[in-house]
Asks: 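Input: one structure, supplied below.
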Amino acid sequence: MTAQHTLTVAGVTVDTRHWIGGERVASADTFEDISPIDGSVLGEIARGTAKETDAAVAAAKAAFPAWAATSRAERARILHAIADGVEKRLEELAIVETTDNGALLRSHRRGVMPRVAHNFRFFADWLLNLDHEDFETRGHTNHVSWDPAGPSVLITPWNAPLMLATWKVAPALAAGNTVVLKPAEWSPLTASLLADIAAEAGLPAGVLNVVQGYGSEIGDALTSHPDVRRISFTGSVPTARRIAGSAAANLTPLSLELGGKSPLLVFADADLDLAVDLAVEQYDNAGQVCLAATRFLVEESVAEEFTRRFVEKAGQLTQGDPREAATDIGPNIHPRQLEKIDGFVRRAVEAGARAVIGGHRKDGQYYAPTLLTDVAQDSEIVQEEVFGPVLTLQTFTDEDEAVRLANDTRFGLAATVATRDPERAARVTERLVAGTVWVNCFFVRDLQAPFGGSRHSGVGREGGTWSFDFYCDLKNTVTAPNGWTNHG
Ligand code: NAD
């Protein structure tokens, strides 16, 4: 029997092999890819080993000099062609992603996949404008330039697979680096489609490589490789620690985008309808969003009314098949993730928490949208990231207490503040420890802005010039006052 190298999702054919040096490469072994929607097996994916990771890094190394020397205009043209390819195949990418990771089809169609194309266009355009004005030191001219760093390993999670991958792939390629992308094993399919799209767009062989497999099996081989010049990782804190240890051997620079336990602060002067809208949004992607404001901190005087309105609004959400237009909350990614979520809730309830809504599993891979109250600040449910549709509510009596509770975890990814008082907003945002703070809004993310986390939520920032700074070796060239003939 010949091995099957493709699978089909809603009529879309996906190659299940790695993409190395411009060719499809199989592995001796495979792993199952399962849809969270109904637990069906979508197919068998090539299961990488050190052999394929070495081959991918070698391909990236071989392709690097030519890609780094390719003009900025040509690199930008190819990135725009990739964006065109994403737009052309938008519907296919959307249904494959939804089937693979369970996030809403309508979000993939309307928001996520257009944003994937935008990621390429944005960094293509930024590259063409990337500049630093020369400056003078005692008559000498300083010229700052961005030299591409080299082969870059990009490791991504399953909750927003193509979106998060292209936040990294686009700036890395724009900067002139070559890439080995390792998608998460629970949702690898759109990375394979991206390889096809990039090849069709004319990206030279070896510039983008995709290696699939379990992080626990191939992660170390990738992150300790001496030919790798950058590692960018989005995922969990324990994996980040492991990667940092492995990268230490070669002092490979790291960008780490990690988890969070972000607060939503609702002051008594807030527009409560708006605050409730923001609160209910935290169930998006079944709570599998790193930025989610999972801790509601509500001023005591409005807590009862806020809770009443929240429960009413949350009760209107439809949970079910993420391919249906009416669905608001889909499944969680994997039985193991569901078990983890349920464990957090059970332990919280045993410790005295009360489930205002939810608090239990549903049929299949679905977890009931949950709100827990009566939770202690130092409890596991308040301190640890659940990564499911589980939110907590605590109250505060004044601004100081609100800020103290908000900052009192080991994370610092984001924070959201609901208030009608601009002066309060200014005071509070200044004191919050977070990479992104939203005031009376949520999830607005411009690629020009620095994005990342403080404390255990990450190391470094992505976006705009911060991405180029990361993927490049910055060089300052100082030229003598008289140029080439000065001896003084
Ligand atoms: P994870 O850390 O388990 O896995 C992420 C990736 O790392 C996967 O591709 C996995 O295969 C790989 N990996 C696992 N072990 C590895 C190793 N030893 N070496 C190298 N790679 C390895 O995370 P996850 O469960 O897939 O994702 C959820 C986490 O990601 C949450 O904590 C979430 O908050 C975080 N996240 C952060 C952001 C952000 O921008 N800050 C965005 C999305 C998700």
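FYI, the numbering just counts along the sequence from 1. Each ligand, and each atom within it, is numbered from 1 in the order the structure gives.
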Asks: Starting from atom 36 (N) of ligand 1, find the nearest protein heavy-atom neighbour and note its residue, name and distance.
Replies: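 Nearest neighbour among protein heavy atoms for atom 36 (N) of ligand 1, to 0.1 Å: Cys290 CB, 3.5 Å.
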Asks: Before you tell me yes or no, could you show the steps for Arg295 and Thr409 under side-chain contact (heavy atoms from CB on, under 4.5 Å), namely the whole-Å CA-CA distance, both residues' side-chain angles and the distance that decides it to 0.1 Å?
Replies: CA-CA 11 Å; Arg295 291 186 295 136; Thr409 74; 3.5 Å; yes
Asks: Does the pair Arg24/Asp196 count as a salt bridge with the N-to-O cut at 4.0 Å?
Replies: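 The answer is yes: the pair qualifies as a salt bridge.
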Asks: On a heavy-atom basis, which atom in Pro331 and which in Tyr366 lie closest, and how many Å separate them?
Replies: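 In terms of heavy atoms, the two residues are closest at N-CE2, 3.3 Å.
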Asks: When you measure from atom 25 (O) of ligand 1 to every protein heavy atom, which one gives the shortest distance, and what is it?
Replies: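 Result: Trp158 NE1, 3.0 Å.
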Asks: Using 30° and 60° as the class boundaries, would you call the ring planes of His334 and Trp186 parallel, tilted or perpendicular?
Replies: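 If you compare the ring of His334 with that of Trp186, the planes turn out parallel.
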Asks: Heavy-atom distances under 4.0 Å are what count here, so tell me which part of Asn159 touches ligand 1: side chain, backbone, both or neither.
Replies: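 Within the 4.0 Å criterion, Asn159 contacts ligand 1 through side-chain atoms alone.
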Asks: Using 30° and 60° as the class limits, which term best fits the ring planes of Trp438 and Phe442: parallel, tilted or perpendicular?
Replies: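 Perpendicular: the ring planes of Trp438 and Phe442 meet at over 60°.
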Asks: For ligand 1, is Trp186 a contact, meaning one of its heavy atoms is under 4.0 Å away?
Replies: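 No, Trp186 has no heavy atom closer than 4.0 Å to ligand 1.
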Asks: Measure the distance from atom 19 (N) of ligand 1 to every protein heavy atom, then report the residue, atom name and distance (to 0.1 Å) of the closest one.
Replies: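 For this ligand atom, the closest protein heavy atom is Gly219 CA, 3.2 Å.
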Asks: For ligand 1, does Glu257 get within less than 4.0 Å through its side chain, its backbone, both, or neither, judged by non-hydrogen atoms?
Replies: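 Both backbone and side chain of Glu257 come within 4.0 Å of ligand 1.
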Asks: Just jot down the ligand 1 atoms closer than 4.0 angstrom to any heavy atom of Glu385, in number order.
Replies: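 In order of number, 31 (C), 32 (O), 33 (C), 34 (O).
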Asks: Heavy-atom contacts under 4.0 Å between Ser216 and ligand 1: side chain, backbone, both, or neither?
Replies: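 The part of Ser216 near ligand 1 is the backbone, not the side chain.
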